[in-house]
Engineer: 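One structure, pasted below without further comment.
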Amino acid sequence: MKITIENTDQIVTVETRDGCKVPARVWRGVTEGGVECQLLVTRVAVHKDADNSAFERELQEHPPARADGPRAYDLRYFID
């Protein structure tokens with residue numbers, strides 16, 4: 001499966017099964033088949049030797065928040 005994603009300005013807190021709370025940025029996506037989805041991304045890494053200035057700049061650019069943004073998530077969709 002391939003998903004095209006774009007970042008948002010929304011940060012949510014995800015609680016793991018062991019009770020740890022982790023901040024996650026919400027990304028909106030769409031699959032090759034046209035199915036819309038949301039991703040909760042807790043970490044994105046750029047190789048330590050790479051120049052990440054362009055990545056940081058692009059990450060700060062995001063579309064405006066949408067009213068249909070995340071509210072609650074079914075834990076079955078999380079990999080623990």
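Since the model is a prediction, treat every value here as computed from it, not as a measurement. By convention here, the first residue in the shown sequence is residue 1.
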Engineer: Any heavy-atom pair between the side chains of Ile3 and Val30 that's under 4.5 Å?
Structural biologist: no

Engineer: Checking Ala50 now: which residues fulfil side chain to side chain contact (heavy atoms under 4.5 Å, CB included) with it, not counting sequence neighbours?
Structural biologist: Val46, His47

Engineer: For Thr42, enumerate each residue passing the side chain to side chain contact (heavy atoms under 4.5 Å, CB included) test, keeping only those at least two apart in sequence or located in another chain.
Structural biologist: Val22, Ala24

Engineer: Going from NZ on Lys21 to OG1 on Thr16, what distance comes out if it is rounded to the nearest 0.5 angstrom?
Structural biologist: 10.5 Å

Engineer: Measure from the side-chain N and O atoms of Arg25 to the backbone N and O of Asn7, and report whether any donor-acceptor pair falls under 3.5 Å.
Structural biologist: no

Engineer: Taking only residues two or more places apart in sequence or in another chain, which ones pass side chain to side chain contact (heavy atoms under 4.5 Å, CB included) with Arg57?
Structural biologist: Ser53, Ala54

Engineer: I'd like to know if Val35 and Trp27 are part of one continuous hydrophobic network [Ile/Leu/Val/Met/Phe/Trp/Tyr, side-chain heavy atoms within less than 4.5 Å].
Structural biologist: no

Engineer: Please tell me if the side chains of Lys2 and Thr31 come closer than 4.5 Å, counting only heavy atoms from C-beta onward.
Structural biologist: no

Engineer: What residues form a side chain to side chain donor-acceptor pair (under 3.5 Å) with Thr13, not counting sequence neighbours?
Structural biologist: none

Engineer: Who passes side chain to side chain contact (heavy atoms under 4.5 Å, CB included) against Val44, sequence neighbours left out?
Structural biologist: Val41, Phe55

Engineer: Is the shortest heavy-atom distance from the side chain of Ile5 to the side chain of Arg28 under 4.5 Å?
Structural biologist: no

Engineer: Give, for atom CD of Gln10 and atom CG of Leu40, the distance between the pair rounded to the nearest 0.5 Å.
Structural biologist: 10.0 Å

